[in-house]
Amino acid sequence: AKRRGRNTCQWYTEDLNRKVSERVSLRNALQQAIEQEQFELYFQPQMHGLSGRVIGVEALIRWHHPERGFIPPGDFIGLAEDTGQIIPVSDWVLATACRVAKQLNALGHGPITMAVNVSPMHFQRPGFLKAIEQVLEESGLAPHLLELELTEGVLMDSAEQAIQALQGLRQLGVHVALDDFGTGFSSLSYLKRLPINRIKIDRSFVRDVITDRHDAAIIDGVVAMAGKMGLEVLVEGVETAEQFGYLAQRRCDYFQGYYFARPMPLSDLRAFLASPPAI
Ligand code: C2E
Ligand code: CA
Ligand code: CA
Ligand code: CA
C-alpha cells in the first residue's frame, strides 16, 4: 500500500509539473499570438424573434496557433486574465469589433449592435472609460451600436466602482448586457441598482426548458422582472426550433444560438446578413 501511495504521489507531482509547464508554454505562445496577431473574431447573430431580423452580433475571439491549430477561448481567456495578457488581447478585440461594426452598419441591413465580452480586469482598469471613448472615436462607430457584455461576477467584485463605471458608459451612450445571467449570485435588489440595458439568460436554463418546469419558471420570472425594470431579455444557447417556439411564447424577445446561426467569420456573416434565413 505504501509503494502504491508513493507511486500515486509521484504520478500526481508529474501531472502537476506537466500542468505548470503547459501553462508556461501557453503563456509564451500567447505572447507571440499578441505580437503576431494570430487572433480572429467570429460573429454570432442575435435575432429579434418576432421580425426575424438580425439586431446584433456577438464578437467571439478565435486563436489560430501556427502549430497547435485552433485554440478555443475557454482554453486561454482564463490564463490571459491571470497573467494580465488579457489587456492587450481585449484592446485588440475592442478595436477590431468596433471597426467591423462600423462597416456592417454601412451595408444598409438596418442597425446592428456589436456585442463585445469584457473581462473583469479590463473593466476594472483605471482608464477603461477613456479607452472605450477613444475606440469609438477612432472607429467612428455610434456609441449605441456598441454593447459591452459583463458577467455578474465582474459587477459584484466592487459594486460601487462598477456602478460608477456603468453610469459612465451610460453617459457615453454605450449599451451594457449582463452575460450568463442566472449563473452568479447577484440579488434582485442589487440588479435594480445597475444601469444596464439587457439581460442575457444563460444557456443552462434553455437546454431542458421544455421538459423542466423549474427552468421554465425561472425564465418566466426573469422575463417578468426585466419587463418591469425596462430591461431587454436575450436568451442564449437556443439550439432547436422547439426551444425557440417555446421561449417566444413565454415572451422572450431576443435570441442567440446554434438554431439561428453558429459563430462565423466576417465573410460568412456578410452573406448571412444579405439573406438571413426565415425563422
Ligand atoms: P459567452 O460570452 O457566454 O459566449 C457564448 C458561448 O456559447 C460561445 O462560445 C458560443 O460559441 C457558444 N454558443 C453560442 N450558441 C450556442 C448554442 O446554441 N449552444 C451551445 N452549446 N453553445 C453556444 P465560445 O466562442 O467558445 O466562447 C466561450 C467563452 O469565452 C465566452 O462565453 C466568453 O466568456 C469567452 N470569450 C469569447 N470571446 C471573448 C473575448 O473576445 N473576450 C473575452 N474577455 N472573453 C471572450
Ligand atoms: Ca458573452
Ligand atoms: Ca453568455
Ligand atoms: Ca460564459
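FYI, side chains are in, hydrogens and waters are out, and symmetry mates aren't considered; it's all heavy atoms of this structure. Counting convention: from 1, in listed order, for ligands and their atoms alike.
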Heteroatom distance test (Tyr259, ligand 1): nitrogen or oxygen, under 3.5 angstrom: no
Do any nitrogen or oxygen atoms of Ile61 lie less than 3.5 angstrom from nitrogen or oxygen atoms of ligand 1? yes
Close-contact set for ligand 1 against Asp180 heavy atoms, below 4.0 Å: 3 (O)
Enter the distance from Asn197:CG to Glu147:CD here, rounded to the nearest 0.5 Å. 6.5 Å
Applying a heavy-atom cut-off of 4.0 Å, say which part of His122 lies close to ligand 1: side chain, backbone, both or neither. neither
Any carboxylate oxygen within less than 4.0 angstrom of a Lys/Arg side-chain nitrogen, looking at Arg18 and Glu14? no
Decide whether Ser119 and His122 meet the rule of one side-chain donor and one side-chain acceptor closer than 3.5 Å. no
Among the N/O/S atoms of Asp179, which is closest to the Ca ion (ligand 3)? Give the atom name. OD1
Atom indices of ligand 1 within 4.0 angstrom of Gly257 heavy atoms, with elements: 15 (N), 18 (O)
I'd like to know if Lys200 contacts ligand 1, where contact means a heavy-atom distance under 4.0 Å to any ligand atom. no
Look at ligand 1 and say whether Gln256 reaches it with a heavy atom at a distance under 4.0 Å. no
What I want to find out is whether Lys130 reaches Glu133 closely enough, with some N-O distance under 4.0 Å, to be called a salt bridge. yes
Glu138 with Lys102: basic N within carboxylate O range, under 4.0 Å: no
Need the ligand 1 atom indices (1-based, order shown) with element for anything under 4.0 Å from a heavy-atom of Glu236. 3 (O), 5 (C)
Of all the atoms in ligand 1, which lie at a distance below 4.0 Å from a heavy atom belonging to Val238? 18 (O)
With the Ca ion (ligand 2) as the point of reference, which N/O/S atom of Glu149 is the closest? OE1
Using a 4.0 Å heavy-atom threshold (strictly under), name the region of Val89 that reaches ligand 1: side chain, backbone, both or neither. neither
Going by atom types alone, do Glu40 and His64 pair a side-chain donor with an acceptor below 3.5 Å? yes
Mind listing the side-chain donor-acceptor pairs of residues 217-229 below 3.5 Å, one per line with the distance, residues two or more places apart or on another chain?
{"unit_1": "Asp220", "atom_1": "OD1", "unit_2": "Arg250", "atom_2": "NE", "d": "2.7"}
{"unit_1": "Asp220", "atom_1": "OD2", "unit_2": "Arg250", "atom_2": "NE", "d": "3.3"}
{"unit_1": "Asp220", "atom_1": "OD2", "unit_2": "Arg250", "atom_2": "NH2", "d": "2.6"}

Per-atom contacts of ligand 1 with Arg62, taking only distances under 4.0 Å to non-hydrogen atoms: 11 (O), 24 (P), 25 (O)
Where the closest heavy atom to atom 21 (N) of ligand 1 is concerned, which of Glu239, Met121, Glu58, Gln243 has it? Glu239
Ser119 neighbourhood, listing ligand 1 atoms whose heavy-atom distance to it stays under 4.0 Å: 44 (N)
Between Phe255 and Phe244, what is the ring plane arrangement, given parallel below 30°, perpendicular above 60°, and tilted in between? perpendicular
Please classify the Arg262 to ligand 1 contact at 4.0 Å (heavy-atom distances, strictly less than): side chain, backbone, both or neither. neither
Are Asp82 and Arg23 close enough for a salt bridge, meaning some N to O gap below 4.0 Å? yes
Taking Glu236 first and then Arg203, would you say they form a salt bridge - that is, a charged N and a carboxylate O separated by under 4.0 Å? no
Which single N/O/S atom of Glu58 lies at minimum distance from the Ca ion (ligand 2)? OE2
Is the ring pair Phe39/Trp92 parallel, tilted or perpendicular, if the boundaries are 30 and 60 degrees? tilted
Given Asn117, Asp179, Leu60, which has its nearest heavy atom closest to atom 46 (C) of ligand 1? Asn117
Taking only heavy atoms of Pro73 into account, list the atoms of ligand 1 that are under 4.0 Å away from them. 24 (P), 25 (O), 26 (O), 27 (O), 28 (C), 30 (O), 37 (C)
Any salt bridge between Arg125 and Asp91, counting N to O under 4.0 Å? yes
Can you confirm whether Asn117 sits close enough to Glu58 that some side-chain heavy atom of one is under 4.5 Å from a side-chain heavy atom of the other? yes
Mind jotting down which residue pairs meet the side-chain hydrogen bond (donor to acceptor under 3.5 Å, both in side chains) criterion with at least one end in residues 257-277? Sequence neighbours excluded, please. Gln103-Arg270
When you measure from the heavy atoms of Pro263 to every atom of ligand 1, does any distance fall below 4.0 Å? yes
Can an N, O or S atom be found in Asp180 less than 3.0 Å away from the Ca ion (ligand 3)? yes
Would you say Glu81 has any N or O atom under 3.5 Å from an N or O of ligand 1, going by distance alone? no
Near Gln44 (heavy-atom distance under 4.0 Å), the atoms of ligand 1 are 14 (C), 15 (N)
Is there a polar contact between ligand 1 and Ser90, counting only N or O atoms under 3.5 Å apart? no
